[in-house]
Every structure is written in structure tokens, then in C-alpha cells.
Amino acid sequence: MSEALSREFFDRPVLRVAPDLLGRLLVRRYRGRRLAGRIVEVEAYGGLQDAASHARCGPTPRNRVMFGPPGRSYVYQIYGLHCCLNLVCEPQGQAAAVLIRALEPVEGEDVMAALRPGRSRREWTSGPGRLCRALALDRRHDGLELPSPGLWLETGEPLPRKRQARSPRIGVAYAGEAARWLHRFYERGNPFVSRP
DNA sequence: GTCAAGATTAGT
DNA sequence: CTAATCTTGACG
């Protein structure tokens with residue numbers, strides 16, 4: 001097992017952390033099993049300046065972990081149905097987080113399949129809501145300090161710049177100018193990326 | 001207290 | 001394209 005990423009890794013500008021997460025391993029301990037996926041797609045979110053961010057209007061009960069210390073998980077529910085996983089960045093007081101949008105399954109695929117009945121391998125971890133379902137993550141995992149016993153990141157093999165691509169973020173058309181920022185990062189050509 | 005909208009997904 | 005499903009947070 002490679003080294004675990006912790007607070008200092010995330011204590012940097014979110015636009016540096018986000019692309020640096022590509023190729024890393026997200027690992028989950030679930031019922032004695034190790035579930036792991038290679039991160040292939042992420043999005044960076046900021047604070048008051050970012051009209052697409054949950055933190056755009058300042059701290060609230062839901063987003064407060066985004067304003068806290070780096071290296072924690074921020075998990076929220078969306079559309080009353082799905083949960084999404086973020087990793088908090090930047091020093092305490094500055095709201096910033098990286099949304100994990102897609103993984104390439106690496107370990108524990110049988111468990112992921114059981115958690116995603118009726119779906120194909122590609123659909124287990126492609127999309128922010130799907131990956132949480134495949135790793136059995138929900139709002140109980142909000143605010144965890146990473147590494148935590150049930151969830152952590154491992155160094156893995158960082159993705160070379162040449163294989164990285166950028167685009168505007170998905171699903172934030174309401175955010176005006178911020179909707180056009182190139183804050184989405186993904187591995188070029190990887191079939192587990194949720195959208196080309 | 002009210003209510004519109006959502007960092008999505010699955011199904012027609 | 002649209003329904004599902006319910007929490008959040010802005011507003012008054």
C-alpha cells in the first residue's frame with residue numbers, strides 16, 4: 001500500500017490540489033473489505049467568489065466543513081436522492097473543496113457490483129452520485145478527518161500533465177460567469193469519465 | 001413559516 | 001426529455 005495523503009496535501013490552493021488528485025487512489029474500508037478506485041475526474045469549488053459553489057453565500061449548516069481545516073470530507077445530498085463526496089482544501093477559514101466525479105474501479109469490484117445491482121461495471125463509479133453509492137458513502141461520512149479508518153486517499157500514481165484535460169464544470173449553468181471557468185479536470189480518454 | 005431549486009440519475 | 005425525491009437556505 002502506498003502512503004496516505006493527509007492534511008498538508010490539501011492545504012494548498014484548490015486549483016493545484018484538484019488536478020493533483022487525478023490518478024490517486026480513493027480507498028474505503030467497508031465490512032472488512034477494501035474498496036478502491038483510481039480518481040479520473042474532479043471539479044474544484046471555491047468560496048464567496050465562486051457563484052457555482054455551495055459556499056458562495058458564506059457558511060451554513062450544510063457547507064460549514066468547507067470553511068474548516070483542509071483534509072476533511074464534505075458529503076452532501078442532492079435532489080433528495082444522491083450523495084456527493086468532496087475533499088476540503090486550503091487553510092481554515094477559506095472555503096474550498098474538490099468534488100470527486102468519477103473513479104476507475106481497482107479493488108473490491110464484487111462489493112461495488114452488489115451495491116449497484118443491475119448496473120454495468122462502467123456505471124458503478126462514473127458520476128459523483130454513483131461513486132458514493134458504489135462505495136456505500138452517505139452523509140454520515142461528512143466531516144471526517146482523512147485519513148480516517150473507513151476512508152482515505154493513497155498516493156497512487158499521479159497523472160502526468162500530458163494526460164490531463166480541463167473543461168467547464170458540469171451542471172452549474174445557473175452560475176453565470178463562473179459556469180465557464182475551467183475547473184473540471186479529468187483523464188483524457190478514460191472510459192470511466194462521466195462525460196467527454 | 002414558506003417554497004423554489006438543486007455540484008444527479010434512470011427511464012421513456 | 002422528464003420524473004423522482006427531500007433537504008437546504010433565501011426571504012419575509
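The figures that follow rest on heavy atoms only: side chains count, while hydrogens, waters and symmetry mates do not. Each chain gets a letter, A, B and so on, in the order its sequence line appears, and its residues count up from 1.
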So is the aromatic ring of A/Tyr76 stacked onto the base of B/dA7, judging by whether the centres are under 5.5 Å apart and the planes are under 30° apart? no

Between A/Arg62 and C/dA10, is there a side-chain N or O to OP1/OP2 distance below 4.0 Å? no

Of the listed nucleotides (B/dA7, C/dG9, B/dT8), which one gets closest to any side-chain atom of A/His82? B/dT8

Base, sugar-phosphate alone, or nothing: which one does A/Arg133 contact when heavy atoms must sit under 4.0 Å apart? nothing

At under 4.0 Å between heavy atoms, what does A/Arg139 touch on the DNA or RNA strands: base, sugar-phosphate, or nothing? sugar-phosphate

CD of A/Glu187 to CZ of A/Phe192, rounded to nearest 0.5 Å, is 11.0 Å

My understanding is that a pair needs two contacts under 3.5 Å, Watson-Crick or G-U wobble. By that rule, which nucleotide pairs with B/dC3? C/dG9

So what does A/Arg56 hit on the nucleic acid, given a heavy-atom distance under 4.0 Å: a base, only sugar-phosphate, or nothing? nothing

Using the P atom as the reference point in each nucleotide, state the distance between B/dT2 and C/dT5 in Å, no decimals. 24 Å

So what does A/Gln77 touch, heavy atoms closer than 4.0 Å: a base, only the sugar-phosphate, or nothing? sugar-phosphate

Kindly indicate whether a cation-pi arrangement holds for A/Arg72 with A/Tyr74, taking the cut-offs as under 6.0 Å to the six-membered ring centre and within 45° of the axis. no

B/dA7, OP1 or OP2 - any side-chain N/O from A/Tyr174 closer than 4.0 Å? yes

Counting just side-chain N and O atoms, does A/Arg119 come under 4.0 Å of either OP1 or OP2 of B/dA10? yes

A/Arg163/A/Glu157 salt bridge by N-O under 4.0 Å criterion: no

Of residues 46-55 of chain A, the positions that come close to DNA chain B - non-hydrogen atoms, cut-off under 4.0 Å: A/Ala52, A/His54

Side-chain donor/acceptor contact of A/Tyr79 with base of B/dA5 under 3.5 Å: no

Tell me whether A/Arg169 forms a cation-pi arrangement with A/Tyr45, defined as NZ or CZ under 6.0 Å from the six-membered ring centre and within 45 degrees of its axis. yes

